[in-house]
Amino acid sequence: MSKVSLKHIYKVYDGKVKAVNDFNLEVDDKEFIVFVGPSGCGKSTTLRMIAGLEEITSGELWIGDRLCNHVEAKNRNISMVFQNYALFPNMTVYDNMAFGLRMHKVAREEIDKRVREAAEILGITEYLARKPKALSGGQRQRVALGRAIVREPSVFLFDEPLSNLDAKLRAKMRTEITRLHKRLQSTFIYVTHDQVEAMTMGDRIVVMKDGYVQQTDTPQNLFRWPANKFVAGFIGTPQMNFFPVTLRRAEDGSVSVRADGFSLTVPAEHAYRIDENYLGGDRDVIMGIRPDDVRPAKDAVGGDAIKAYVALVEELGTQTLIYANTDEGALMTENSPTAFCSAAGEDAGISAGQCVSFRVDTSKLHFFDAHTELTVKHRIPDCLATARASGGRLNLLGASLALPAALADRLGEGEYAVAIPSAALSLSPAGIPGVAEECEELAAGSHLVRVRCGGARVFVLSDSAVAAGENVALSVSADMLSFSADGREVVSAVPCENRLEGRFARVKEGKERNHYVELDGARLASPYEFSRKMYDRGRSIFKKKLAFAFGVNDAVLGEEGVPVSVEEVLDYGSRRYAAVRLGSQKLYVAFEGQLPADPCITINFDRVRVYDSEIDIRLF
């Protein structure tokens with residue numbers, strides 16, 4: 001097995017400079033993973049931590065079933081291909097490829113066999129007697145690959161191996177590395193700043209910026225469903241066009257997009273994934289559209305047309321790039337918010353200075369919050385529905401449901417806006433009736449089902465496929481719903497996680513030294529395994545301000561443990577929660593049965609996540 005797991009990996013340099021922040025990734029056996037991002041984003045640092053060339057500040061690195069945080073690089077059974085080849089100039093190609101095996105005391109006959117097999121795979125058999133100075137750049141890169149192959153590692157690591165090659169050779173080597181992966185059937189982790197390499201080579205791509213993972217997905221999903229503006233602009237050539245706009249929902253369900261110099265209409269059948277909170281016309285939004293989806297058309301009029309002035313035309317043979325601006329007075333203005341690029345065919349017949357009509361494929365528009373830059377057009381959107389509470393019942397999604405006690409106590413009779421996350425819904429044998437409109441496969445064994453319930457559309461995650469037009473029933477987890485009236489939240493969803501501030505303490509009690517987690521003066525005895533993990537972070541752990549996070553099901557409300565005061569009981573029928581106060585900090589605990597007369601809590605420390613509050617990194 002050559003599976004690689006990175007669990008909450010951090011790299012912090014002196015001066016509290018965080019190069020990598022909370023990196024999480026499961027690399028499957030034989031998968032080709034690509035890390036991509038601009039210079040300084042942390043991709044090479046992450047690769048070097050996997051290789052053992054950089055120390056991991058916090059987190060766990062598993063290669064196969066082995067924890068490798070403190071395993072030396074030479075013992076990790078990995079091979080790395082560097083950007084600058086790193087060949088010994090005084091050795092022949094044969095000796096360069098054999099060097100690592102000789103250091104591991106491999107038999108001479110086995111070395112010769114592996115070197116010649118690798119040379120045959122890479123087509124460099126005739127160069128085995130040459131020295132690196134007698135080889136071209138592409139041939140040297142093949143030698144570096146060969147040196148990695150002969151090790152027969154469980155994981156191959158590539159640190160921008162093609163960046164020193166010219167464009168033609170880079171394209172050829174890209175194909176060769178992809179073919180090599182299919183032939184060797186090994187796990188490949190590849191670092192590049194070139195998004196074309198990432199899109200054409202990777203099974204999945206990890207997009208990074210400023211040490212954070214922005215999104216991890218397949219190339220097509222990154223292209224179609226970018227999580228934020230950065231991913232949208234980084235993935236795809238030419239780069240996506242961006243415009244500041246406002247959005248407003250029309251009575252027919254369509255969405256009007258208004259920008260400086262033009263307006264577009266997104267038909268209702270393509271607008272249902274847009275977050276309803278942004279459709280009032282009063283929030284700043286960034287619209288994105290790819291150049292391939294903006295094409296010149298003489299007859300372009302109406303809600304999918306833009307009229308603009310051509311600033312520059314680039315003829316690329318099979319493709320023509322047209323740079324235009326809806327503002328004629330800003331044709332030569334750098335970073336103009338009204339400028340865009342259009343990709344047309346080879347015989348566009350357009351020249352600079354012309355006023356041209358462009359047709360926009362409004363089904364492929366992307367929208368991002370102007371401040372957070374996060375997408376507001378979601379692949380798995382939440383639903384914003386209208387509900388009415390009356391007579392102890394809730395009319396929601398075209399069905400009448402019994403109000404659980406937790407909602408009946410807090411909702412008066414009237415109409416509410418209800419936010420329904422997809423996680424709150426599931427397919428069930430009985431429940432709210434609906435009709436499946438569409439079923440999309442997200443991954444193996446995971447499907448996204450679009451369901452029409454009453455007058456609303458909702459999205460449900462399902463383990464099995466559902467045919468379009470099939471009648472289905474939905475169950476809803478009321479504890480995940482939030483209710484608003486007049487723009488004010490009346491009832492919020494029950495938090496799924498608690499996070500409490502505190503510290504780790506060692507206390508001398510008689511002749512013994514005991515360990516505790518202190519939370520607002522309350523002491524919870526620290527189990528041995530939890531204390532051991534704390535000591536692994538060094539003795540300075542006693543001086544740190546820490547945060548302890550755990551789920552609502554990871555604490556037990558009973559008669560033993562640390563005393564707490566119960567502020568509120570939320571009874572959702574099948575689920576009950578207690579809002580309790582521990583000192584000045586509030587937390588939620590799921591419980592069954594009756595409340596104890598003198599309530600106390602105990603925490604399952606096997607499920608607790610610990611953070612260093614000062615530099616905001618997860619310790620374990």
Side-chain angles (χ1 to χ4, degrees), residues 5-26 35 37-50 54-62 67 69 206-216 227-231 369 371-374 495-505 515-522 524 526 530-552 554-555 582-588 603-620:
S5 297
L6 295 98
K7 300 179 180 180
H8 304 286
I9 297 292
Y10 290 84
K11 179 60 183 179
V12 182
Y13 290 104
D14 294 340
K16 299 181 180 180
V17 177
K18 288 192 283 187
V20 178
N21 292 269
D22 201 14
F23 190 104
N24 293 276
L25 182 66
E26 295 288 330
F35 298 167
S39 297
C41 70
K43 56 187 185 296
S44 290
T45 302
T46 304
L47 193 78
R48 290 173 63 83
M49 284 192 284
I50 297 172
E54 288 278 1
E55 184 180 347
I56 297 172
T57 302
S58 182
E60 295 181 351
L61 168 68
W62 293 80
L67 181 62
N69 285 46
V206 180
V207 183
M208 298 184 68
K209 178 189 178 187
D210 298 334
Y212 291 90
V213 174
Q214 303 294 305
Q215 189 174 356
T216 302
N228 54 45
K229 183 185 173 189
F230 173 79
V231 175
D369 183 289
H371 303 290
T372 67
E373 297 191 349
L374 296 176
C496 60
E497 181 178 273
N498 299 297
R499 181 166 171 144
L500 304 179
E501 299 294 328
R503 71 186 191 96
F504 183 60
H515 297 87
Y516 295 94
V517 170
E518 292 191 345
L519 303 169
D520 259 4
L524 289 84
S526 172
F530 187 83
S531 298
R532 185 192 64 77
K533 289 181 181 179
M534 283 294 196
Y535 270 98
D536 284 347
R537 272 65 195 174
R539 293 188 176 274
S540 62
I541 193 70
F542 296 109
K543 301 177 181 179
K544 292 182 180 293
K545 294 181 180 178
L546 304 174
F548 302 88
F550 52 93
V552 293
D554 299 329
L582 179 62
S584 64
Q585 301 186 81
K586 185 177 181 179
L587 64 149
Y588 288 82
I603 296 175
N604 180 2
F605 278 94
D606 290 338
R607 308 276 295 178
V608 172
R609 299 169 298 285
V610 182
Y611 296 83
D612 184 330
S613 297
E614 293 180 354
I615 55 177
D616 192 26
I617 69 170
R618 176 170 167 168
L619 300 178
F620 62 85

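Under the 4.5 Å side-chain criterion, counting only non-hydrogen atoms from C-beta, Leu524 is not in contact with Phe530. Side-chain contact between Phe542 and His515 is present, with heavy atoms from C-beta onward closer than 4.5 Å. Residues Asp554 and Ile603 have side chains not in contact (no heavy-atom distance under 4.5 Å, counting atoms from C-beta outward). Side-chain contact between Val20 and Met49 is present, with at least one heavy-atom pair separated by less than 4.5 Å. Residues Asp616 and Lys18 form a side-chain contact, since some pair of their non-hydrogen atoms from C-beta on lies under 4.5 Å apart. Looking at heavy atoms from C-beta onward, Thr46 lies out of side-chain contact with Ile9 at the 4.5 angstrom threshold. No side-chain heavy atom of Lys543 sits under 4.5 Å from any side-chain heavy atom of Arg503. Side-chain contact between Phe230 and Pro38: present, with at least one pair of heavy atoms (C-beta onward) separated by less than 4.5 Å.
Ser44 is linked by a side-chain contact (heavy atoms from CB on, under 4.5 Å) to Asp159, Glu160, Val191, counting only residues two or more places apart in sequence or in another chain. Residues forming a ring pair (Phe, Tyr, Trp, His ring centres under 6.0 Å) with Tyr212 (at least two apart in sequence, or on another chain): none. Residues that satisfy the salt bridge (charged side-chain N to carboxylate O under 4.0 Å, His left out) test with Lys545, not counting sequence neighbours, are absent from this structure. For Ala522, the side-chain contact (heavy atoms from CB on, under 4.5 Å) criterion is met by Val562, Leu582, not counting sequence neighbours. Under the side-chain hydrogen bond (donor to acceptor under 3.5 Å, both in side chains) criterion, Asp612 pairs with Lys544, sequence neighbours left out. Under the side-chain hydrogen bond (donor to acceptor under 3.5 Å, both in side chains) criterion, Glu497 pairs with Arg609, sequence neighbours left out. Not counting sequence neighbours, the partners of Arg48 by the salt bridge (charged side-chain N to carboxylate O under 4.0 Å, His left out) test are Glu54. In this structure Tyr10 satisfies the ring pair (Phe, Tyr, Trp, His ring centres under 6.0 Å) test with no other residue, sequence neighbours excluded. Take Asn604 and apply the side-chain contact (heavy atoms from CB on, under 4.5 Å) test, not counting sequence neighbours, and it matches Asp606, Arg607. Listed by chain and residue number, Lys533, Ile541, Leu619, Phe620 satisfy the side-chain contact (heavy atoms from CB on, under 4.5 Å) test with Arg537 (two or more places apart in sequence, or in another chain). Thr216 is linked by a side-chain hydrogen bond (donor to acceptor under 3.5 Å, both in side chains) to nothing, counting only residues two or more places apart in sequence or in another chain. Legend: residues meeting ring pair (Phe, Tyr, Trp, His ring centres under 6.0 Å) with His8, ordered by chain and number and at least two apart, are absent.
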Could you check Val552 against Asn498 for side chain to side chain contact (heavy atoms under 4.5 Å, CB included), going step by step and ending with a plain yes or no?
-> CA-CA 7 Å; Val552 293; Asn498 299 297; 4.2 Å; yes
Practice task
Step by step, work out the side chain to side chain contact (heavy atoms under 4.5 Å, CB included) result for Ser526 and Met534.
Solution key: CA-CA 10 Å; Ser526 172; Met534 283 294 196; 5.7 Å; no
Run Asn24 and Val213 through side chain to side chain contact (heavy atoms under 4.5 Å, CB included) and show every step you take.
CA-CA 8 Å; Asn24 293 276; Val213 174; over 6 Å; no
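Atom-to-atom distance recorded for Gln214:CD and Asn228:CG is 5.0 Å, nearest 0.5 angstrom. Rounding to the nearest 0.5 Å places CD of Glu26 at 3.5 Å from OG of Ser5. Atom-to-atom distance recorded for Glu373:CD and Lys229:NZ is 5.0 Å, nearest 0.5 angstrom. Atom CZ of Phe548 is separated from atom OG of Ser613 by 8.5 Å, given to the nearest 0.5 angstrom. Between Thr57 atom OG1 and Asn69 atom CG the span is 10.5 Å, to the nearest 0.5 Å.
Looking at Gln585, its side chain never comes within 3.5 Å of a backbone N or O of Leu500 through a donor-acceptor pair. Judged purely by atom type and a 3.5 angstrom limit, Lys43 has no side-chain atom pairing as donor or acceptor with the backbone of Val206. Formation of a donor-acceptor pair under 3.5 Å by the Lys11 side chain with backbone atoms of Glu55 is found in this model.
Looking at every heavy atom in both residues, Leu519 comes nearest to Gly502 through CD2-CA, 4.1 Å.
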